[in-house]
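Please read the structure below before turning to the comments.
Numbers for residues simply follow the sequence, beginning at 1. For clarity, every value in this text was computed on a predicted model and none was experimentally measured.
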Amino acid sequence: MNEDSEPTTDPAGSPDRVGRVDSADSVESATQAFVGYRNLLFTVAYEMLGSAADAEDVLQEAWLRWVDVDHATVREQRAYLVRIVTRQALDRLRALGRRKESYVGPWLPEPLLTAPDVAEDVELAESVSMAMLLVLETLQPIERAVFVLREVFDLDYEEIAEAVDKSPAAVRQLAYRARAHVAARRPRGITSPAETRAALEAFQRAVETGELQSLLDVLAPDVVALSDGGGVRHALLRPVVGIDKVARLLAVGWWRRDAERSVELVQINGGPGLLVRVDGEIDGVVAVRVENGYVTGAYHVRNPEKLSRVERETAVTR
């Protein structure tokens, strides 16, 4: 063999081959970690954004950043992934705020069909409920991120500080302010799952038969009804307030009376909800806020772009 010629080696032992193997192993390890925490990461993003579609986009962006990380330097994968997702969600949350300013009519969170076991985790079920997501909408983006990470996912202040680029002392102040803000607006009074289900069944009867008396029995005097059609479907352009107005709305205005309707009691965002079909097609979802056994809020989502997650269950977890 010519001394100047390159030595022949087993391809598996060549430096280039070793590099490819290491790279492949790294990607596989990163993928396993991401998949293992995916449901958690989706839940973080969804609770910050109120939109499953935007939460999925955040996860895609987070994945692209995760695979570029030197994983040998990552001490705690869960905390690192939550930090990436939080930063991406904050950026998107600010952009969503500008989009909502031009939204036609009330903006409601994107409903999710959830598994029955979500309701067994009371704190998780409350945190993803339509009522709580609407309360979170009243927070500033940074306050919302801090509240979700602290109150729902129980991250310590140092971890949250890294996620939101604030000092631990600043995060404590943000958490205190957000907690007080939410406490003043969250549902008051203890309501059992049976009371919530009874309220939904009254709604169901009203939709199916037009019989309103049982519904009047569970509506609070100051009940508020909101509907979201996104400018695509007929919906309320402003909230309707008061038992008489809401009952009249249900009697004449929310559903087409000349069509064949079916109403199914399902799990929406961790609690009982109604899935409404008109002429066999999904027409909307109704979720309610129940306090002390009475319905204080009714949320009707008809925007077709927000109904893709009500035909199959979405996994949410802490």
Side-chain angles (χ1 to χ4, degrees), residues 11-99 110 112 121 124 127-128 136 139-175 178 309 314-318:
S14 69
D16 182 56
R17 174 62 177 170
V18 170
R20 287 198 299 272
V21 170
D22 290 344
S23 177
D25 289 345
S26 177
V27 170
E28 183 178 358
S29 175
T31 301
Q32 290 176 347
F34 195 88
V35 170
Y37 289 114
R38 192 186 190 286
N39 292 342
L40 164 73
L41 300 175
F42 172 84
T43 308
V44 171
Y46 176 72
E47 292 198 18
M48 286 184 60
L49 300 168
S51 165
D54 285 290
E56 291 290 359
D57 288 344
V58 162
L59 260 60
Q60 289 291 331
E61 294 162 0
W63 162 250
L64 294 175
R65 284 159 177 75
W66 174 242
V67 292
D68 282 339
V69 169
D70 180 358
H71 296 98
T73 66
V74 177
R75 295 191 305 275
E76 221 295 313
Q77 291 178 330
R78 179 181 183 269
Y80 199 100
L81 283 165
V82 167
R83 182 161 74 241
I84 295 175
V85 166
T86 299
R87 290 177 177 175
Q88 296 304 311
L90 272 172
D91 289 343
R92 188 163 289 257
L93 186 59
R94 295 179 181 111
L96 276 177
R98 293 189 290 272
R99 276 169 30 195
E110 183 177 351
L112 305 177
D121 185 336
L124 175 62
S127 72
V128 298
L136 296 182
L139 294 172
Q140 294 297 317
I142 190 73
E143 292 174 337
R144 184 168 184 169
V146 169
F147 181 87
V148 167
L149 295 179
R150 179 63 182 172
E151 299 300 316
V152 182
F153 297 96
D154 199 31
L155 268 65
D156 61 41
Y157 291 113
E158 287 72 20
E159 288 178 302
I160 300 172
E162 290 186 11
V164 300
D165 290 326
K166 297 284 185 182
S167 70
V171 165
R172 287 178 182 274
Q173 283 297 108
L174 287 165
R309 292 286 185 136
T314 296
V316 293
T317 188
R318 291 196 291 165

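Not one N or O on the side chain of R99 forms a donor-acceptor pair closer than 3.5 Å with the backbone of A95. In this structure, the side chain of R87 does not engage the main chain of V164 through any donor-acceptor pair within 3.5 Å. Judged by distance alone, with hydrogens and angles left aside, the side-chain atoms of E159 form no donor-acceptor pair with the main-chain N or O of A79 at under 3.5 Å. A donor-acceptor pair under 3.5 Å is absent between the side-chain atoms of H71 and the main chain of Q77, judged by distance alone. Between the R144 side chain and the E47 main chain, a donor and an acceptor come within less than 3.5 Å of each other.
At least one test fails for R75 against the ring of Y80: distance under 6.0 Å to the centre or angle within 45° of the axis.
In this structure the side chain of L155 reaches within 4.5 angstrom of the side chain of R78, judged on heavy atoms. Counting heavy atoms from C-beta outward, V67 and F34 have side chains that stay 4.5 Å or more apart. Taking 4.5 Å as the limit, every side-chain heavy atom of V152 sits out of range of all side-chain heavy atoms of T43.
With values rounded to the nearest 0.5 angstrom, L81 atom CG is found 9.5 Å from W63 atom CH2. Taking CG of L49 as the reference point, atom CG of L136 lies at 11.0 Å (rounded to 0.5 Å). T86 OG1 to D91 CG: the interatomic distance, rounded to the nearest 0.5 Å, is 11.0 Å. Annotation: the span from T31 atom OG1 to W66 atom CH2 amounts to 10.5 Å, rounded to 0.5 Å. Interatomic distance, L41 CG to T317 OG1, rounded to the nearest 0.5 Å: 10.5 Å. To the nearest 0.5 angstrom, Q60 atom CD is 12.0 Å from Q88 atom CD.
The two residues L149 and V82 have their closest heavy-atom pair at CD2-CG1, 3.7 Å. Summarising the geometry of A45 relative to V85, their closest heavy-atom pair is CB-CG1, 4.0 Å, with the distance given to 0.1 Å. Considering every non-hydrogen atom in both L90 and A145, the closest pair reads CD2-CB, 4.0 Å. In plain terms, the two heavy atoms of R83 and A163 that are nearest each other are CG-CA, 3.5 Å. Taking each heavy atom of L112 and A52 in turn, the nearest pair found is CD2-CB, 3.8 Å. Nearest approach of T314 to F42, heavy atoms of both residues: CG2-CE2, 3.5 Å.
Of the candidates K166, R150, R172, R150 is the only one forming a side chain to side chain contact (heavy atoms under 4.5 Å, CB included) with I160.
Classification of E56 and R38 as a salt-bridged pair holds, one side-chain N sitting under 4.0 Å from a carboxylate O. Between D154 and R318 there is no salt bridge, since no side-chain nitrogen of the basic residue lies less than 4.0 Å from a carboxylate oxygen of the acidic one.
Heavy-atom contacts from other residues, nucleotides or ligands closer than 6.0 Å to CD of E151 number more than 12.
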